[in-house]
Amino acid sequence: MRYLTIALAKGRLAKQTMEMLEKIGIFCEEMKDEKTRKLIFTNEELKLRFFLAKATDVPTYVEYGAADIGFVGKDTILEEGRNLYEVLDLGFGKCRMCVCGPESAREKLQNHELIRVASKYPAIARDYFYNVKHQTVEIIKLNGSVELAPIVGLSEVIVDIVETGSTLRENGLVVLEEVCPLSARMVVNQVSMKMENERIRRLIEQMRELIRKENA
Ligand code: PRP
């Protein structure tokens, strides 16, 4: 039996995913050692390999088949636009992708003014404004603390993740429009899905059953 390789977006998502996997009997003790500099971990009995990667790289590893399976946020899946199968909503890490800004930007949005939109997610922002709203805007790519942009006058609005809403509140910004809901997802390489169909389908079924039980 060959090894199935699983890529996890490092951080909270990886931790919560490993907790779910443990509940269906898939363990990887080595990975819990926070001091380790090791990048890849193996479960010999189950013939599984795990590695942690930067979230934005997980869809890349999965598309090319370097990982058979990936666990990553829907935001990253949408932004990266890779060829892969999204097979399961894990039901945690729930938040929303939103257009946000000061209340004063609402009118400019509604009037279809040529506004500037700052975002860590330029592809999602572009798709939303061009293909959903049919509105021409200027997209400015940022890499973090995006809420700063409308405060210092870089852009009128932002497209960003809203979870509790406290970052917006503390900076005098509001949600103006909702782009889409987000959560952690399981993705699968398209060839692996065929070649390792039985093992991967079993894993999906076990995870689905766990999610069903936990939400019951
Ligand atoms: C994310 C997001 C918002 C914040 C939303 O940022 O970009 O800034 O969390 O959460 P809230 O609604 O609960 O306040 P992250 O912490 O990932 O940092 P970054 O902005 O530097 O990317």
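For ligands, and for the atoms within them, numbers begin at 1 and follow the listed sequence. Everything numeric here is computed off the predicted structure, so don't read it as measured data.
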Any protein heavy atom < 4.0 Å from [atom]:
atom: atom 19 (P) of ligand 1; answer: yes
atom: atom 1 (C) of ligand 1; answer: no
atom: atom 8 (O) of ligand 1; answer: yes
atom: atom 11 (P) of ligand 1; answer: yes

Around [atom], find the nearest protein heavy atom and jot down its residue, atom name and distance.
atom: atom 3 (C) of ligand 1; answer: Glu147 OE2, 3.2 Å
atom: atom 5 (C) of ligand 1; answer: Ile161 O, 3.3 Å
atom: atom 6 (O) of ligand 1; answer: Lys120 NZ, 4.8 Å
atom: atom 13 (O) of ligand 1; answer: Thr164 OG1, 2.5 Å
atom: atom 14 (O) of ligand 1; answer: Thr167 OG1, 2.4 Å
atom: atom 21 (O) of ligand 1; answer: Ser145 N, 3.3 Å

So among Lys74, Arg185, Arg208, which one has a salt bridge (charged side-chain N to carboxylate O under 4.0 Å, His left out) with Asp89? Arg185
Using heavy atoms and a threshold below 4.0 Å, how should the contact between Asp160 and ligand 1 be classified: side chain, backbone, both, or neither? side chain
Leu52 reachable from Leu90 in the ILVMFWY side-chain graph, under 4.5 Å edges: yes
Under 6.0 Å from the [atom1] atom of [X], do we count more than 12 heavy atoms belonging to anything else shown?
X: Lys94; atom1: NZ; answer: no
X: Glu107; atom1: CD; answer: no
X: Tyr64; atom1: OH; answer: no
X: Tyr61; atom1: OH; answer: no

Show me which atoms of ligand 1 lie under 4.0 Å from any heavy atom of Ser166. 12 (O), 14 (O)
Which ligand 1 atoms are under 4.0 Å away from a heavy-atom of Val162? 12 (O)
Would you confirm whether Glu156, through its side chain, and Arg116, through its main-chain N or O, come within 3.5 Å as a donor-acceptor pair? yes
If every non-hydrogen atom of Gln135 is compared with every non-hydrogen atom of Glu113, which pair is closest and at what distance? NE2-O, 4.0 Å
Show the nearest heavy-atom pair for residues Val146 and Lys120, with the distance to one decimal. CG2-CG, 3.9 Å
Could you tell me whether Val146 and ligand 1 have an N or O pair separated by under 3.5 Å? no
